[in-house]
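Fair warning: this is a prediction, and the values are worked out from it, not measured in the lab. Here is how names work: the chains are called A, B, and so on, in the same order as the sequence lines, proteins then strands, and each is numbered from 1.
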Amino acid sequence: MNGATWRLIAVEGKLSIRDKAALVWGVACPLVVLVILGSIPSLREPITEDLTVFDVYVPVLILFNVAILAMTALPSTLAGYRENGVLRRMRTTPVGPVRVLAAQLVANFVIALVAMALFLAVAGLGFGVEPPRNPLGFAVAWLLATAALLSIGLLVTALVPSRAAATAIGTLLFFPMMFFAGLWVPIAQMPPLLQDVSAYTPLGAGMGAFQDAYLGDFPSASPLVILVVHAVVCAAIAVRWFRWE
Amino acid sequence: MPPVIEVSNLHKRYDDKVAVDDVSFTVHQGEIFGILGRNGAGKTTTVECVEGLRTPDRGTISVLGLDPLTDRLELTRRLGVQLQAGMLPGRLRVGEALELYSSFYPRPADWRGLLHDLGLSEKARYADLSGGQQQRLSIALALVGNPDVAILDELTTGLDPQARRDTWELIEGVRARGVTIVLVTHFMEEAERLCDRIALIDAGRVVVVDTPAGLTSRARIEQRIQFRPSREFDTGLLANLPEVSGVSRRDEFVVVTGDDDALNAVMAVLARNQITAGRLRVEQASLEDAFVELTGRKDAR
């Protein structure tokens, strides 16, 4: 890493923040939902011996944030760069276009990290939600889920022909993925078949790992392996078939 | 001294369309080398191969002794490029773009100086710039790395006449610092004013490489002399001169066409007959005339 790379990351971060859409949909929106859900008394009554509905929604909203950044903000920004010749212009410099991609990934990662800390703080300080009992397990689950999602976002970017297509496909993938994370129906209340499907989706696996960490255990192997497989396979395909022009 | 850029028998096709058929030229240290041709002649594809953005199907290219495809890092450090359609993120500010790009190079130029020279404002966002301002920023970005060679594609397209002249002055200043410049253009006036030598490209081939003056004399275009004689006289006196190819009358004016020596011959005849030439005008062949003549088509701009 040299000066140019850091400056590129700082610039991409600044641009992501100036792009209000990512902050509004990716950070403000789930944060508002968090506050609203936290303010509904019935959601804060225990449904199991030590979990409330609201407790379950905190990790869902953390995944919501990562998914918006990775599935919509990242692909539409990068596909836009390709469409407008930003990547092509970078090819004529010593830095090259790969580092622009890397800088975008890092910028979104950092925004997601800050948002995750913010959500946990608001849930904890504002509504008394206990932090995950296994912090290391939670951190590993979050890192792998974020890696899997960014990797899928990169795959969308790599294969779509245009910025419009990137935005459309990213959004189209976002909703079913959030469904399997239990945004509308908690995973525990889904029919068994859907629960099984959910376990193989990146967000369903992420939720599974989060649940374990919240309850005090290190996440079990299967959700972690599923997240790693998503991350590695999607990234490999994206790198192999990335459209530069 | 070896040439700065050497292109030999470059050939590039897209699917079944030949963009560059057979192009060879050399560019020497410190010159401004023009690549002139109409739209679709293969100019941009040629320089994109030189920049290493495209892979030639045949032919060899050497820039500063480097291979544009395999010596990427070293080449990009020493070659500044202005692309015809190279963009920046819309929300990036002008100052941020220049500062960012200057961090890419080992010995960058002073970006604030470039900002000032090109009349750009630091805080403006790229998306809010006019076409001319975007163009000037892209010139600044091509120069911010202090390159040994700069390739400028359609340098002044979209600029108003004043901005165009300012840009020409800037380019002359850059050349004065020893930078070798390749200028892709379809503006004759620009080529005539800036270039030391010009490669005329038509239908993917180099028609000729010469100085602007050399190109016009090659085209063997006649000069046109027009004047109002102080009294009536027999224009047959002029028509008989070997230097003169034609004489005609237009109202009170006489119009003579002929070769480079026609003016002297005509003046001598008029002087012998005590005729003075009022409102004398001599039109010499422009590069544009030469271009049309040498590429043999009438639809040139």
So which heavy atom on A:Val86 is nearest to which on B:Leu88, and how close?
CG2-C, 3.7 Å
Heavy-atom neighbours of B:His28 NE2 exceed 12 at 6.0 Å:
yes
Atom CD in A:Glu83, atom CE in B:Met87: separation rounded to 0.5 Å?
9.5 Å
Closest heavy-atom contact between A:Arg18 and B:Arg91?
NH1-O, 2.6 Å
Are there residues of residues 49-56 of chain B that reach to under 4.5 Å of chain A by heavy atoms, and which ones?
B:Gly52, B:Leu53, B:Arg54
Does any heavy atom of chain A fall under 4.5 Å from the side chain of B:Leu141, the backbone, both, or neither of them?
both
CG of B:Leu79 to OG1 of A:Thr93: how many Å apart, nearest 0.5 Å?
11.5 Å
Quick check: closest heavy atoms across A:Arg89 and B:Val81, and the distance to 0.1 Å?
NH2-O, 3.0 Å
Does B:Tyr14, at its OH atom, have more than 12 non-hydrogen atoms belonging to other residues, nucleotides or ligands within less than 6.0 Å?
yes
Atom CH2 of B:Trp168 with >12 non-hydrogen neighbours under 6.0 angstrom
yes
Smallest separation among heavy atoms of A:Leu15 and B:Leu92, with atom names:
CD2-N, 3.5 Å
Using a 4.5 Å heavy-atom cutoff, which residues in residues 96-112 of chain B come close to chain A?
B:Glu96, B:Glu99, B:Leu100, B:Tyr101, B:Ser103, B:Phe104, B:Tyr105
Side chains of B:Arg93 and A:Lys14, heavy atoms from C-beta outward: is any pair under 4.5 Å?
no
Summary of side-chain hydrogen bond (donor to acceptor under 3.5 Å, both in side chains) pairs that have at least one residue in residues 59-69 of chain A, sequence neighbours excluded
none
Identify all side-chain donor-acceptor contacts of residues 159-175 of chain A below 3.5 Å with residues at least two apart in sequence or on another chain.
residue: A:Ser162; atom: OG; partner: A:Ala165; partner atom: N; Å: 3.1
residue: A:Thr167; atom: OG1; partner: A:Arg163; partner atom: O; Å: 3.0
residue: A:Thr171; atom: OG1; partner: A:Thr167; partner atom: O; Å: 2.6

